[in-house]
Amino acid sequence: MGDKLKFPDGFLWGAATSSYQVEGDNKNSDWWNWESEGKVREASGKACNQYELFRSDFKLAKSLNHNAHRFSLEWSRIEPEEGKFNRDALTHYKQVIKNLRSLGIEPIVTINHFTLPVWFCEKGGWIGKRSERTFAAFAKKAAEELGEDVTYWLTVNEPVGNIDSGYIHGTWPPGRKSLKEAGRALIAILKAHCLAYKAIHKVYKERGWHAPKVSMAKFTLYHTPCRSNSKLDILSASIRHYYVNKLFVDSLISGWCVMPGIPLTRLPLKNSLDFIGLNYYTRDYIHFMGFSPYKIFGEVCSLPHHEKSGKRNFLKWEVYPEGFYKMLMEFAKYKLPILITENGVCTNDDNERIDFIEAHLKAVARAMKDGAPIFGYLYWSLLDNFEWTHGYDPRFGLIEVDYATQRRTVRPSARIYAEIIKKNAI
Ligand code: GAL
């Protein structure tokens with residue numbers, strides 16, 4: 001590729017966040033209740049107080065040359081009771097979008113990043129009756145109110161991770177451990193995406209706005225069989241690969257959900273992705289556990305198998321840029337434009353973040369050279385924030401946050417990333 005790869009003009013560069021992780025005080029949501037019940041190490045509290053500090057945070061992003069920013073809407077703020085929309089919250093998100101636009105930063109809006117309003121959960125959450133319609137009604141409202149200044153929408157964030165933690169392992173709300181319910185949640189979220197996709201496009205058409213680009217943020221994880229010579233490990237790793245990486249995208253393109261153990265389901269729409277939003281962090285080694293429905297996905301090898309893998313971040317996830325390249329090439333086969341909606345590292349050593357960013361951007365550049373239609377990269381995250389059950393210890397930010405004072409400090413890695421953006425080359 002020569003020494004440097006030049007990214008195309010107009011390439012989107014920036015960072016991603018989610019409302020619950022940065023805003024603070026999202027008291028009307030399932031996660032807030034979950035924390036109040038003492039189910040996490042540390043409660044989110046004020047988080048980064050970005051609900052108030054967004055202007056200065058975006059100014060920092062601008063000073064770091066970002067031209068795109070991903071954030072999410074907090075459903076529980078906008079619709080605190082079913083069908084009743086909070087004007088102040090809508091005005092707030094309008095200001096967020098206007099502020100980004102005024103800085104020349106493209107807003108990329110996630111409609112739902114994990115957290116749900118309490119009323120929605122009381123009706124059964126994703127597996128409640130007509131949950132997909134309820135979600136689509138919210139998406140429609142969001143498009144009507146905010147759409148004039150938005151092109152890129154992500155309906156939901158990482159449904160597979162959410163379902164896994166919430167319905168299989170029970171470590172996230174709603175704390176269930178039921179394969180059957182996980183299957184129902186999966187179908188509901190697929191349908192919710194389709195209906196939201198339809199609703200957003202309809203709003204734009206009726207209002208005569210330029211067509212939106214709608215997708216979801218898809219979790220991807222590279223899987224390697226734990227023992228390379230074990231046919232059973234290979235089997236479990238490939239089943240996991242299908243479930244974790246492919247199922248959602250395949251289903252949304254074909255209009256059918258095909259998953260062993262889940263009734264064959266027709267979705268309300270096919271081809272409901274205008275692009276692919278792709279999140280990538282790491283790889284897992286997979287060990288065969290048995291043939292039952294619970295076990296067929298295998299288990300992630302624990303140490304000492306991990307010893308053969310590379311460097312690890314603060315949460316012990318392997319740093320594996322080669323897996324990023326491979327996932328990008330795998331997703332390039334769908335022939336849809338790809339936006340990297342998350343990629344990042346938590347570490348207390350900022351030099352590791354510099355290495356991570358450079359290695360992963362080289363993987364992006366290589367994938368583009370090999371034909372992957374990537375049009376943007378969003379680092380996770382703009383600033384340190386609330387990392388779900390792990391609380392505040394993992395530091396993912398380009399910008400350091402002192403939670404006691406809410407003081408922001410730009411890390412050297414943020415400046416190196418800013419240089420890459422400026423040169424538009426790696
Ligand atoms: C993603 C998730 C984010 C963030 C990140 C780092 O899976 O979408 O909310 O927590 O991981 O763990």
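Just follow the structure's listing: the first ligand is 1, and inside any ligand the first atom is 1.
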Engineer: Name all residues meeting the side chain to side chain donor-acceptor pair (under 3.5 Å) criterion together with E400; count only those two or more places apart in sequence or in a different chain, and write none if there are none.
Structural biologist: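 Here no residue qualifies.
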Engineer: Relative to the heavy atoms of E158, which atoms of ligand 1 are at a distance of less than 4.0 Å?
Structural biologist: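 Selected atoms, number and element: 1 (C), 2 (C), 7 (O), 8 (O).
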Engineer: For the pair F396 and Y281, name the ring-plane relationship: parallel under 30°, tilted 30 to 60°, perpendicular over 60°.
Structural biologist: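 Ring orientation, 0 to 90° scale: perpendicular.
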Engineer: Which of the numbered atoms in ligand 1 are under 4.0 angstrom from any heavy atom belonging to W317?
Structural biologist: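 Atoms satisfying the 4.0 Å criterion: 12 (O).
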Engineer: Quick check on ring-ring contact (aromatic ring centres under 6.0 Å, His included): which of Y93, F85, Y20, F135 does W75 satisfy it with?
Structural biologist: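 Among the candidates, only F135 passes.
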Engineer: Is it the side chain (CB and beyond), the backbone, both or neither of W388 that lies under 4.0 Å from ligand 1, heavy atoms counted?
Structural biologist: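 It is the side chain that touches ligand 1; the backbone stays farther off.
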Engineer: Heavy atom to atom 11 (O) of ligand 1, shortest distance: which of Q21, H390, E342, H113 holds it?
Structural biologist: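 Shortest heavy-atom distance from atom 11 (O) of ligand 1: E342.
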Engineer: Partners of Y242 by ring-ring contact (aromatic ring centres under 6.0 Å, His included), sequence neighbours excluded?
Structural biologist: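 Applying ring-ring contact (aromatic ring centres under 6.0 Å, His included) to Y242 gives none.
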Engineer: Quick one: does Y20 get within less than 4.0 Å of ligand 1, heavy atoms only?
Structural biologist: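 No.
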Engineer: Which ligand 1 atoms, with their elements, are less than 4.0 angstrom from a heavy-atom of E387?
Structural biologist: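 That gives atoms 4 (C), 6 (C), 10 (O), 12 (O) of ligand 1.
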Engineer: How are the rings of F356 and Y379 set relative to one another: parallel (under 30°), tilted (30 to 60°) or perpendicular (over 60°)?
Structural biologist: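 Rings of F356 and Y379: perpendicular, over 60°.
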Engineer: Take every heavy atom of Y281, measure it against each atom of ligand 1, and state whether any distance is under 4.0 Å.
Structural biologist: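 Per 4.0 Å heavy-atom rule, Y281 contacts ligand 1.
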Engineer: Show your reasoning for whether ring pair (Phe, Tyr, Trp, His ring centres under 6.0 Å) applies to W172 and F114.
Structural biologist: CA-CA 10 Å; W172 283 19; F114 299 150; 4.9 Å; yes
